[in-house]
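This report concerns only the one structure given below.
Here the structure is a predicted model, which means the values were calculated and not measured.
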Amino acid sequence: MVTMNERDISLAPVATCFGAQAAADPLYVSYHDTEWGRPTTSEVALFEHICLEGFQVGLSWRTVLHKRQAFREAFADFDVEAIARFTEDDVARLMTNAAIIRNRAKINACIGAARIVCQMHEDGETLVALVDRFRPPSHHRPEVGADVPADTAESAALAKHLRSRGFRFVGPVNVYATMQACGIVNDHIVGCAIGDEIG
């Protein structure tokens, strides 16, 4: 992968898609270049994004991104079976962990989501298959950042469905962010080499 020292920040793909501030952040560059928008069939990756987007509500994704490793350590690498067994003692432990976002409602939402996904697995369902049902029939990459929607009819429908299952902190906007991150849509700006690579 090309490093920040090997390219002009003004021409960096991450600057095209996320702006110059992101291009100056090596962690954001790596996220853009190696993860964002790439299709995933990983239950863990999708569950992690749903939870982290929930924690991001009211904050910035940059804040969450810089805390992601701490979240992984605190939440058993987003293993749904492990999180589903969390108790009030675990909630209390998490509320003292300054390395993550200490919001009791969001912590409980993540634990609750893990229990829902575990039940889905017992019923022969997967989170990946559920989310994929809301994939738009067609998608055109945005020409400029202003063309990237905050939400879509599909993300609103998925958010409504997730809430009906008991998920929390899943509104149309952060659900759309999950769809972007996990490659349900490719919102890399036209001309971004990473978006071209994804196809």
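- Between Val131 and Leu158, some side-chain heavy-atom pair lies under the 4.5 Å cut-off.
- Annotation: the span from Ile50 atom CD1 to Arg168 atom CZ amounts to 14.5 Å, rounded to 0.5 Å.
- For the residue pair Ala22 and Val14, the shortest heavy atom distance occurs at CB-CG2, 4.1 Å.
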Worked check of side-chain hydrogen bond (donor to acceptor under 3.5 Å, both in side chains) between His139 and Glu154
CA-CA 11 Å; His139 185 76; Glu154 290 83 8; over 6 Å; no
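- The CZ atom of Arg62 lies 13.5 Å from the CD atom of Gln56; values are rounded to the nearest 0.5 Å.
- Side chains of His188 and Asp196: no donor on one and acceptor on the other come within 3.5 Å.
- Taking 4.5 Å as the limit, some side-chain heavy atom of Asp132 sits within range of a side-chain heavy atom of Arg135.
- Val148 is not connected to Leu65 by any chain of hydrophobic side-chain contacts under 4.5 Å among Ile, Leu, Val, Met, Phe, Trp and Tyr, and they are in different clusters.
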Before giving the answer on side-chain contact (heavy atoms from CB on, under 4.5 Å), spell out for Ile194 and Glu197 the whole-Å C-alpha distance, their side-chain angles and the decisive distance to 0.1 Å.
CA-CA 5 Å; Ile194 303 302; Glu197 176 189 332; 4.3 Å; yes
Could you walk me through whether Arg38 and Asp33 pass the salt bridge (Lys or Arg N to Asp or Glu O under 4.0 Å) check?
CA-CA 9 Å; Arg38 295 181 185 273; Asp33 289 0; over 6 Å; no
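- Contact detail for Gly145 and Ile189: the closest heavy-atom pair is N-CD1, 3.7 Å.
- Closest approach of Cys17 and His32 over heavy atoms only: SG-NE2, 3.4 Å.
- Under the 4.5 Å side-chain heavy-atom criterion for grouping Ile, Leu, Val, Met, Phe, Trp and Tyr, Ile184 is not connected to Val173 through any hydrophobic cluster.
- In the hydrophobic clustering of this structure, Trp61 groups with Leu46; members are Ile, Leu, Val, Met, Phe, Trp, Tyr whose side-chain heavy atoms approach within less than 4.5 Å, directly or through other members.
- Contact annotation: the side chain of Phe78 approaches that of Cys110 to within less than 4.5 Å [non-hydrogen atoms, C-beta and beyond].
- Without hydrogens or angle criteria, Asn174 side chain to Gly171 main chain gives a donor-acceptor distance under 3.5 Å.
- The closest donor-acceptor contact from the side chain of Thr63 to the backbone of Leu59 lies at 3.5 Å or more, if one exists at all.
- Aromatic rings from Phe55 and Phe75 are positioned such that their centres are separated by under 6.0 Å.
- Here the shortest heavy-atom pairing between Gln180 and Asp187 reads NE2-OD2, 2.8 Å.
- Atom CD of Glu43 and atom CG of Leu127 lie 5.0 Å apart (nearest 0.5 Å).
- Note on Leu130 and Phe169: separate hydrophobic clusters, where clusters join Ile, Leu, Val, Met, Phe, Trp and Tyr whose side-chain heavy atoms are under 4.5 Å apart, directly or indirectly.
- One distance of note links CG of Asp77 with CD1 of Ile83; it measures 9.0 Å at 0.5 Å rounding.
- Side-chain contact check for Ile107 versus Phe86: every heavy-atom pair is 4.5 Å or farther apart.
- With salt bridges taken as basic N to acidic carboxylate O contacts below 4.0 Å, none links Arg68 and Glu73.
- Aromatic ring pairs are classed by plane angle as parallel below 30°, tilted from 30° to 60° and perpendicular above 60°; the pair His161 and Phe134 is tilted.
- The two residues His49 and Cys182 make their nearest non-hydrogen contact at CD2-SG, 3.7 Å.
- Of all non-hydrogen atoms in Phe71 and Ile101, the two that sit nearest each other are CZ-N, 3.4 Å.
- The closest donor-acceptor contact from the side chain of Asn186 to the backbone of Gly199 lies under 3.5 Å.
- Val80 and Val44 fall within a single hydrophobic cluster, where Ile, Leu, Val, Met, Phe, Trp and Tyr are joined by side-chain heavy atoms under 4.5 Å apart, directly or via other members.
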Does Val91 form a side-chain contact (heavy atoms from CB on, under 4.5 Å) with Arg104? I'd like the steps, not just the answer.
CA-CA 7 Å; Val91 174; Arg104 187 178 298 274; 3.3 Å; yes
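- Put simply, the side chain of Val175 does not reach to within 4.5 Å of the side chain of Asp151, judged on heavy atoms.
- Other residues, nucleotides and ligands place no more than 12 heavy atoms under 6.0 Å from the CD atom of Glu81.
- To the nearest 0.5 Å, the span separating NZ on Lys106 from SG on Cys51 amounts to 12.0 Å.
- With 3.5 Å as the limit, one finds a donor-acceptor pair spanning the side chains of Asp25 and His66.
- Between Pro136 and Val185 there is a side-chain heavy-atom pair separated by less than 4.5 Å.
- Put simply, the side chain of Thr96 gets close to the backbone of Arg93: a donor and an acceptor are under 3.5 Å apart.
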